[in-house]
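Here is the structure we will look at, set down as structure tokens.
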Amino acid sequence: MFKSRPNANEIDAMYNDVMTAIDSVIDKIVDSKEVVLTVVSRLLSQASADYQDSVIMNLNSKKYRVVELPEYQDVWGFLNIENGGLRCG
């Protein structure tokens, strides 16, 4: 849907549904430090793989360029969830 209709109102509704589901799962597992650390590790691993798939470096200018925007946005999502949603207390 993102590629075919990136401005569709349904995207906001779907995003909110996904975030609600993620928050629900986080609430259930956040008490287990072992589970939280495993999830954080996997999120960072997936973010690294997606970043490598989404960004290339121009060897002449040493500047990076996004070539796969959806993958790059996934990286942002993984890091946002890891940084803000899963905290070991």
Side-chain angles (χ1 to χ4, degrees):
M1 178 184 272
F2 175 79
K3 287 184 177 183
S4 64
R5 297 184 317 192
N7 295 321
N9 291 333
E10 296 92 8
I11 292 175
D12 287 337
M14 293 171 122
Y15 175 81
N16 290 332
D17 290 346
V18 168
M19 292 307 294
T20 299
I22 290 171
D23 289 342
S24 175
V25 171
I26 289 171
D27 290 342
K28 292 176 184 173
I29 66 168
V30 80
D31 289 335
S32 170
K33 288 183 181 181
E34 182 178 319
V35 171
V36 171
L37 292 175
T38 299
V39 170
V40 168
S41 175
R42 289 183 181 171
L43 284 171
L44 291 175
S45 178
Q46 187 62 49
S48 175
D50 284 359
Y51 184 80
Q52 291 175 29
D53 291 343
S54 67
V55 175
I56 61 170
M57 183 174 76
N58 181 317
L59 296 177
N60 294 326
S61 67
K62 303 286 187 192
K63 293 184 179 179
Y64 292 92
R65 180 171 58 101
V66 173
V67 292
E68 289 290 335
L69 184 58
E71 293 294 322
Y72 189 79
Q73 290 171 326
D74 287 349
V75 172
W76 179 88
F78 291 136
L79 296 178
N80 187 46
I81 291 168
E82 184 278 328
N83 189 40
L86 297 174
R87 302 232 183 228
C88 294

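Between the CD atom in Q46 and the CD atom in E71 there is a gap of 8.0 Å [rounded to 0.5 Å]. Interatomic distance, CG of D12 versus CG of D17, reported as 11.0 Å (0.5 Å rounding).
At distances below 3.5 Å, not a single donor-acceptor pair connects side-chain atoms of S41 with backbone N or O atoms of L37. Formation of a donor-acceptor pair under 3.5 Å by the S24 side chain with backbone atoms of T20 is not found in this model.
Each of V67 and Y64 belongs to its own hydrophobic cluster when Ile, Leu, Val, Met, Phe, Trp and Tyr are linked at side-chain heavy-atom distances under 4.5 angstrom. Residue V75 is not grouped with residue I56 when hydrophobic side chains (ILVMFWY) are merged at heavy-atom distances under 4.5 angstrom, including chains of intermediate members.
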